[in-house]
There are 4 protein chains.
Amino acid sequence: MHPPSIQKLIDLFSKFPTVGPRTASRFVFYLLGKSKEEVDKLVVAILDLKKNVKLCKLCFNPFEPSFVKPSGGKGEGELCEICSNPARDKSLLCIIEKETDLLVIEKTKKYKGLYFILGGTVSRLKKADIEKLRTKELEERVKNHPEIKEIIIATNPTTEGEATTLYLERLLKPLNIKITRLGRGLPVGGELEYADEETLGSALEGRK
Amino acid sequence: MHPPSIQKLIDLFSKFPTVGPRTASRFVFYLLGKSKEEVDKLVVAILDLKKNVKLCKLCFNPFEPSFVKPSGGKGEGELCEICSNPARDKSLLCIIEKETDLLVIEKTKKYKGLYFILGGTVSRLKKADIEKLRTKELEERVKNHPEIKEIIIATNPTTEGEATTLYLERLLKPLNIKITRLGRGLPVGGELEYADEETLGSALEGRK
Amino acid sequence: MHPPSIQKLIDLFSKFPTVGPRTASRFVFYLLGKSKEEVDKLVVAILDLKKNVKLCKLCFNPFEPSFVKPSGGKGEGELCEICSNPARDKSLLCIIEKETDLLVIEKTKKYKGLYFILGGTVSRLKKADIEKLRTKELEERVKNHPEIKEIIIATNPTTEGEATTLYLERLLKPLNIKITRLGRGLPVGGELEYADEETLGSALEGRK
Amino acid sequence: MHPPSIQKLIDLFSKFPTVGPRTASRFVFYLLGKSKEEVDKLVVAILDLKKNVKLCKLCFNPFEPSFVKPSGGKGEGELCEICSNPARDKSLLCIIEKETDLLVIEKTKKYKGLYFILGGTVSRLKKADIEKLRTKELEERVKNHPEIKEIIIATNPTTEGEATTLYLERLLKPLNIKITRLGRGLPVGGELEYADEETLGSALEGRK
C-alpha cells in the first residue's frame with residue numbers, strides 16, 4: 001500500500017523497542033515533513049553515535065572517550081566515567097540488565113560501587129538464550145578483580161529477572177563471594193490491599 | 001428525573017465506597033429486576049450483619065461471637081478468633097489501617113502476632129482528623145499489654161499512610177517499645193526502570 | 001475466612017452489576033462502620049423501592065404511580081410519565097435494551113416518541129436466550145397500537161446488540177411497519193485514524 | 001548525564017511524534033546494540049526516503065514517482081497513484097488532516113473520489129496557525145478543478161477538527177460547491193450508556 005521507500009523505513013522503525021507499524025508510519029510521515037537539513041542532522045547524529053560512543057571494557061556501559069575526564073590511570077580511553085572514577089567503591093559490583101537500570105540506580109545516589117551490564121535476561125535457562133547475555137565477560141570480570149567483596153544481582157523482580165538471578169547465583173557461587181539481591185517490599189505509593197503475598201511477606205520480614 | 005424511591009436509593013448507594021451515581025443507578029435497576037424474595041434475602045443479610053457481627057474489643061476486627069471457637073479464656077465472646085487464639089505471638093502488635101489489610105497480611109502466613117485496626121489514616125495532623133482514628137484505644141491497648149515487645153506500623157506507604165506513621169511514632173515513643181515499619185523495596189513484577197528513587201534506594205539498602 | 005454473616009452479604013453484593021468479591025467486602029466493611037440508624041435507612045429504602053415502584057404496562061420503564069401527574073386518561077396508575085404524556089409522539093417507538101438507555105436518550109432532547117425496554121440482548125439466537133427478552137410483550141405492543149408508524153431499534157452497536165437487532169427485524173417485519181436503526185458514524189471526540197472500517201464507511205455514506 | 005553523542009540523538013528522537021525522553025533513550029541504546037551494517041541500513045533508508053519520495057502536486061500525498069504506473073496523462077511523475085488513476089471519481093474531493101487518514105479511508109473501500117491533505121488542524125483561528133495549513137493550495141485546487149461537485153470535510157470530530165471545519169466552510173462557501181461532513185453517530189462497539197448527548201442526538205437524527 002505504501003511506496004517502497006516509505007514501507008522500508010516503516011519496517012526498520014517497527015523494530016525499534018515499543019514501536020509498532022502504526023507508530024513507525026507516523027515517524028516516517030514526520031520525517032517526510034522535515035526539511036532536508038533537519039533530516040541530515042538526524043542522520044549525522046546516528047552516524048556520530050556509532051563513531052563516538054564505545055562500550056566500557058569493564059562494565060559495558062556506553063561512554064564517549066573524549067568526554068571522560070583523563071584519569072591518568074590504567075585503561076584510560078577504554079573505561080567509562082564510573083569505572084575510571086577513583087572515588088567509587090571497587091569492592092561492590094552491581095549486575096544490571098540494561099543501561100537505563102544503571103541510570104536509575106545512579107539517580108538514587110545510594111550506590112557508590114561499580115556496575116556490570118548483563119545485556120538482557122533469560123526466560124528459560126537454554127544455552128542459546130544464555131549465550132546472548134554477557135555471562136563469560138561477567139565471570140572474567142569477577143575472577144580478574146579479587147577486590148570485589150559483594151556482588152549485588154539487581155535484575156528486575158519479574159519472572160525473567162528471577163530466572164536470570166538463579167542462573168547467575170549458580171554461576172558465581174564457586175567464586176565464593178558474598179552475593180545479595182535487592183530488597184523486596186512495598187514501593188512508595190503502594191497499598192497493602194493490592195500487594196501480592198510474596199511482596200507483603202518480604203515487607204514484613206524486612207521490617208525495620 | 002428518577003422517581004423519588006429510585007433516587008433515594010441511588011443516593012444511598014452512591015455513598016458506598018467506589019460507587020458513583022451511574023453505578024448506583026445500575027444497582028437500583030438490578031434490584032428492581034429481582035423478585036421480592038431475593039430482595040428480602042438481601043435485606044435480611046444486611047440486618048443480620050448488624051445483629052450478629054461485633055467488633056473485637058482488642059483489635060477492632062469484626063467477628064461473629066457464635067462462630068469463634070470457645071477458648072475458655074478471658075474475654076470470651078468479646079474477642080475475635082485471632083485475639084483469642086493462644087497460639088498467636090502476643091509480643092508482636094501490627095497496626096493496620098483497615099480490615100482488608102488484616103486479611104491480606106493473614107494470607108501471607110508470615111505473621112503470627114496480633115493486630116490493631118486503626119480505622120483509617122490522616123492526611124493532616126489536625127486534631128479533628130486524628131480523633132476519627134482509634135488512637136486513644138491504641139494507647140490503652142499498648143499500656144495495658146506489657147507483653148507487647150514490638151509494634152509494627154503497617155500503614156500504606158502512601159502520603160497519608162506516612163503522615164499517620166509519623167503521628168503514631170510520636171504517640172508511642174514515650175512507651176519505650178521497639179517500633180518498626182514494613183520494608184520498602186521493589187514489589188514482585190516491578191521494574192527498576194520505573195521505580196522511584198526512594199523505593200530503589202530502599203531496595204539497595206535492604207539487599208540481602 | 002470471613003465470619004458467616006459477613007461472607008453471606010459479600011456473596012449477595014458480589015452479584016450486583018460490576019461488583020466483585022473485593023468491592024463487595026468493602027461494601028460490607030462500610031456498612032459495619034455505619035450506625036444502626038443509617039443501616040436501617042438503607043434497608044427501608046430498599047423495601048420502599050420494591051413497594052413503591054412499578055413497571056410501566058406499556059414500556060416497562062420503572063415509575064412511581066403516586067408521582068406521575070394524573071392524566072385522567074386510560075391506564076392511569078399503570079403508565080409511566082412518558083407513556084401517559086399526551087405531548088409525546090405516539091407514532092414513534094424506540095426499542096432499547098435497558099432503563100439507563102432511556103435516560104440517555106431523554107437527555108439528548110432529540111426524541112419525542114415512546115419507548116419499549118427489551119430487558120437485555122442476546123448473543124445467540126437460542127430460544128432459551130430470547131425468552132428472557134420481552135419479545136412477546138413487544139409484538140403485542142406493536143399489534144395493539146396501530147398508531148405506531150416507525151420502530152427505531154436502538155440496541156447498542158455491539159455484537160450482542162446487532163444479533164438482537166437482526167432477530168427483532170425478522171420478528172417485526174411481517175407487521176409491515178417502517179423499521180430504522182440508529183445512525184453509525186464517528187462519535188464526538190473520535191479520530192479517523194483509530195476508527196474501524198465499518199464505522200468510517202458509515203460515516204462516509206452518512207455524510208451531510 | 002549521558003555522553004553528548006547519546007544526548008544529542010535522544011534530543012532528536014524526543015521530537016518524533018509520541019516519543020518522550022525515556023523512549024528516545026531506549027531507541028539510542030537499541031541502536032548502540034546494533035552492528036555498523038544495520039545502522040547503516042537505517043541511515044540509507046532515511047536518506048532514500050527524502051530522495052525518492054515526493055509530495056503529490058494535487059493532493060500532497062507522499063508517493064514514489066518510479067512506482068506509480070505510467071498514466072501517459074498530464075502531470076505524470078508529479079501525481080500520486082490515486083490522483084493519476086483515471087478510474088477515480090474526480091467530482092468528489094475529500095479534505096483530510098494527514099496522510100494516515102487517507103490510508104484508513106482507502107481501507108474502507110467506500111470512497112472513490114480524490115483527496116486533499118490539509119497538513120494539520122488549528123485550535124484557534126489565528127492567522128499564524130492557519131498559515132501552517134495548506135489553505136491556499138486548497139483554494140487553488142478547488143478553483144482550478146471545476147469538475148469538483150462535492151467537498152467532504154473529513155477532519156476529526158474533535159475540538160480542533162471542528163474549528164478547522166468551520167474555517168474551511170467559510171473559506172470554500174463563496175465557491176458555491178456542495179460541502180458535506182462525515183456522519184456522526186455511534187461507532188461499532190459503542191454503547192448508548194456512555195455516548196455523549198451530541199453523538200446520540202446525531203445517531204437518532206441519522207437513523208435509517
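Proteins come first, then strands; the chains are lettered A, B, ... in the order of their sequence lines, and each starts at number 1.
- In this structure, CD on B/E197 lies 11.5 Å from CD on A/E106, to the nearest 0.5 angstrom.
- In this structure, no portion of A/K109 lies under 4.5 Å from any heavy atom of chain B.
- Summarising the geometry of B/N156 relative to A/L192, their closest heavy-atom pair is OD1-N, 2.8 Å, with the distance given to 0.1 Å.
- Between A/L204 and B/L182, the shortest heavy-atom contact is CD2-CD2, 3.8 Å.
- The two residues B/P157 and A/P187 come nearest to each other via the heavy atoms CG-O, 3.4 Å.
- When side chains are defined from C-beta on, A/T158 does not count as touching B/V188, because their heavy atoms never get closer than 4.5 Å.
- Rounded to the nearest 0.5 Å, atoms CZ (A/R207) and CZ (B/R184) are 16.0 Å apart.
- Residues A/K110 and B/E205 share a closest heavy-atom pair of CD-OE2, 3.1 Å.
- Taking chain B as the reference chain and counting heavy-atom pairs below 4.5 Å, the highest number among A/G190, A/G206, A/G201 is found for A/G190.
- Using a 4.5 Å cut-off between heavy atoms, A/L103 does not touch chain B at all.
- With a threshold of 4.5 angstrom between heavy atoms, A/T155 approaches chain B through N, CA, C or O but not through any side-chain atom.
- In this structure, the portion of A/L92 lying under 4.5 Å from any heavy atom of chain B is its side chain and not its backbone.
- Taking chain A as the reference chain and counting heavy-atom pairs below 4.5 Å, the highest number among B/T159, B/L200, B/I179 is found for B/L200.
- Heavy atoms of A/E162 lying under 4.5 Å from chain B are absent altogether.
- In this structure, the portion of B/I152 lying under 4.5 Å from any heavy atom of chain A is its side chain and not its backbone.
- Heavy atoms only, all atoms of each residue included: A/E193 and B/D101 are closest at N-OD1, 3.8 Å.
- The interface of residues 39-56 of chain A with chain B, defined by heavy-atom distances below 4.5 Å, is empty.
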